[in-house]
Amino acid sequence: MLLIKSLTKYFSKNTPHQVLALHNFNLKVKKGDFITIIGSNGAGKSTLLNLIAGTLLPDYGEIRLDGEMITYQPEYKRAYWIGRVFQNPLLGTAPYMSIEENLALSLKREKRGLRKGINQEMREYFRQRLSELGLGLEKDLNKKAGLLSGGERQAMTMLMATMFKPKVLLLDEHTAALDPESSKKILKITEELVEERKNDLITLMVTHNMKQALEVGNRTIMMDRGQNIFDIQGEERNKIDVNFLLQQFSKLRNQEYIEDRLVLD
Amino acid sequence: MSISIALHALEQGLIFGIMVLGVFLTYKILDFPDLTVDGSFTLGAAVTATIIFSGGSPLWGISLAIISGSLAGLFTGFLHTKLKLSNLLSGILTMTLLYSVNLRIMGKPNIPLLGKETILEKIAIYLPHISGNYLIPFFFLILVIIIKFALDLFLSTEIGLAIIATGDNEQMIKSLGANTDLTKIIGLSLSNALVALSGAFFAQYSGFADVNMGLGTIVSGLASVIIGISIIRTPTIFWRTIAVVIGSLLYRLIMIIALRYGYRLGFKPGDLKLISAVLVIVALAVPLIKKRIDFLTSFNLGRKDLQNNHKEV
Ligand SMILES: Nc1ncnc2c1ncn2[C@@H]1O[C@H](COP(=O)(O)OP(=O)(O)OP(=O)(O)O)[C@@H](O)[C@H]1O
Ligand SMILES: [Mg+2]
């Protein structure tokens, strides 16, 4: 269980540019939940994932995983049980390192020592897992990751983020930078990889595609100005459609517009 | 070109080659231009010379040089990762404080080793069947090969791969569970241990230690790395460590020739540093200029592929 309580994050605190990116945010996620997160630009979606992963530290609030308090744990330690895929395919792999080196780095995350970084057994495993992606990446494990296309890299990063059996998977618009074809393909890979672990993995996926948000996963939340303003799952969720979500959005937009005008006047 | 020039270039190229492998580790692998080396090269020479001068064993002197070099790297790593100083400033501070430390260790600016038993006399005893002229190059060749393979092996371990990844994509390797403060500190320690080792051998080879002998180590190290890597273009660690040692040999050859015959062109010995700095500038500028030319000519030839993809992966 992932428990987030009153999580609050400011940027440039106590300066004229202060931003309240996350405001008293609460969320309770069960094992096996696959949550899609939507919200307009600047709503705080990426900030939320960065706080869970430890890339950023909060100003207030707490994060617990399976009862353990991890709010201020360093990022590299949380990596032992968090898998991540970013929007930018360049962030997920080391370009000058080979496919097998990238995969090996991801598989062995804890207690790195003077053992050989890659062995034959690992190579076999990588070949098998890569072939399941259906992109032919298993043919040349020595190829540099920098020579792969964005879609291929993202598929590889998806594999890296799930292969080591994490407890939490964080996906931040991980299909947004790809062409529609690759985007579909990565989404399919995502669903397959999550399905493998559907009983014990917690998945949070940020997306701007509302159709996607309702089709994938079992729960959807909408964020606005750093808060969780809408949380839907189960039967209720099956009933709503994209139009409903759009209505919710435009309600917010109008309100924002009015408020902006008030501020300007 | 006479045999003696070639032999000198070979000897010096190999001795400095150990230092160049260290600079390669920081500059190319960790993406950290480490100025500590100007101080840690002298540190290795100072520690070894002090011990040998006072009658200690050369092996003991060399071991201490390695340890003190790694401590120097550790200190730079501490400044950079824990006090968050920039990589250049961290190196400059350690280099500067090492100048005083080195003077303290030696007690005077210069220690002569003439008449003392150095490692080179020792090996002459163990390898009697190799004639005098070839003994030193042979010994250092074997040594550099061993160090090269040890470094390759280290970089293929779990920690080694994490160090490479730190220089390649730091954000990624952090999100894969590596403490990048630690990987940087390990890389810097190892690098400066190699540089100090190189200094320890150079002091024994040249018969003295001087508090200024490390001046310009970073520039000559960078020049060697860049020459080697631009001549042998290869992505594998195995070939890259060979390439930088070859770069070191070529660099020393150029320097020795410039020293020997440069006067005919009006050069003085004091101009050597100018020459090596210019060498680095040229070596760094050539790929950029070449790219620029490729890019401009691609318009005339209608090479769309180059126009769109002139950024190298
Ligand atoms: N490093 C930072 N420094 C200052 N402000 C930041 C920083 N990162 C984010 N912000 C601000 O925090 C707010 C939330 O940003 P965040 O990136 O979490 O939004 P998001 O919901 O992911 O938006 P998008 O859909 O555009 O990715 C925004 O107002 C943003 O400008
Ligand atoms: Mg975002």
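Keep in mind it's a predicted model, so treat the numbers as computed, not measured.
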Asker: So, taking the atom named CG in A/Asn88 and the one named CD in B/Gln171, what distance separates them when rounded to the nearest 0.5 Å?
Answerer: 11.5 Å
Asker: Distance from B/Ser175 atom OG to A/Phe86 atom CZ, nearest 0.5 Å?
Answerer: 4.5 Å
Asker: With chain B as the partner, which of A/Arg84, A/Glu101, A/Lys108 has the greatest number of non-hydrogen pairs under 4.5 Å?
Answerer: A/Lys108
Asker: Would you say B/Ile164 and A/Met97 make side-chain contact, with heavy atoms under 4.5 Å?
Answerer: yes
Asker: Looking at B/Ile173, B/Thr157, B/Thr236, which one has more heavy-atom pairs under 4.5 Å with chain A than the rest?
Answerer: B/Thr157
Asker: Could you look at A/Thr55 and say if it's the side chain, the backbone, both or neither that has a heavy atom under 4.5 Å from chain B?
Answerer: side chain
Asker: Please output the residues of residues 187-196 of chain B in contact with chain A, using a heavy-atom cutoff of under 4.5 Å, in numerical order.
Answerer: none
Asker: Is atom CD of A/Gln18 surrounded by more than 12 heavy atoms (other residues, nucleotides or ligands) closer than 6.0 Å?
Answerer: yes
Asker: Can you tell me how far OH of A/Tyr80 sits from CG of B/Leu176, rounded to the nearest 0.5 angstrom?
Answerer: 11.5 Å
Asker: Check whether B/Asn169 reaches the backbone of A/Leu90 with its side chain - one donor and one acceptor, N or O, closer than 3.5 Å.
Answerer: yes
Asker: With a 4.5 angstrom heavy-atom cut-off, which part of A/Lys111 approaches chain B: side chain, backbone, both or neither?
Answerer: backbone
Asker: Looking at A/Ala104, A/Ala79, A/Gly113, A/Ser106, which has the largest count of heavy-atom pairs under 4.5 Å with chain B?
Answerer: A/Gly113
Asker: Side chain, backbone, both or neither: which part of A/Lys116 has a non-hydrogen atom closer than 4.5 Å to chain B?
Answerer: both
Asker: I need the contact set between residues 237-245 of chain B and chain A: heavy-atom distance under 4.5 Å, sorted by residue number.
Answerer: none
Asker: So, taking the atom named CE in B/Met172 and the one named CG in A/Leu105, what distance separates them when rounded to the nearest 0.5 Å?
Answerer: 5.0 Å
Asker: What's the shortest heavy-atom distance between B/Asp168 and A/Tyr96, and which atoms?
Answerer: OD2-N, 2.7 Å
Asker: State whether the number of non-hydrogen atoms from other residues, nucleotides or ligands found under 6.0 Å of A/Lys13 atom NZ is greater than 12.
Answerer: yes
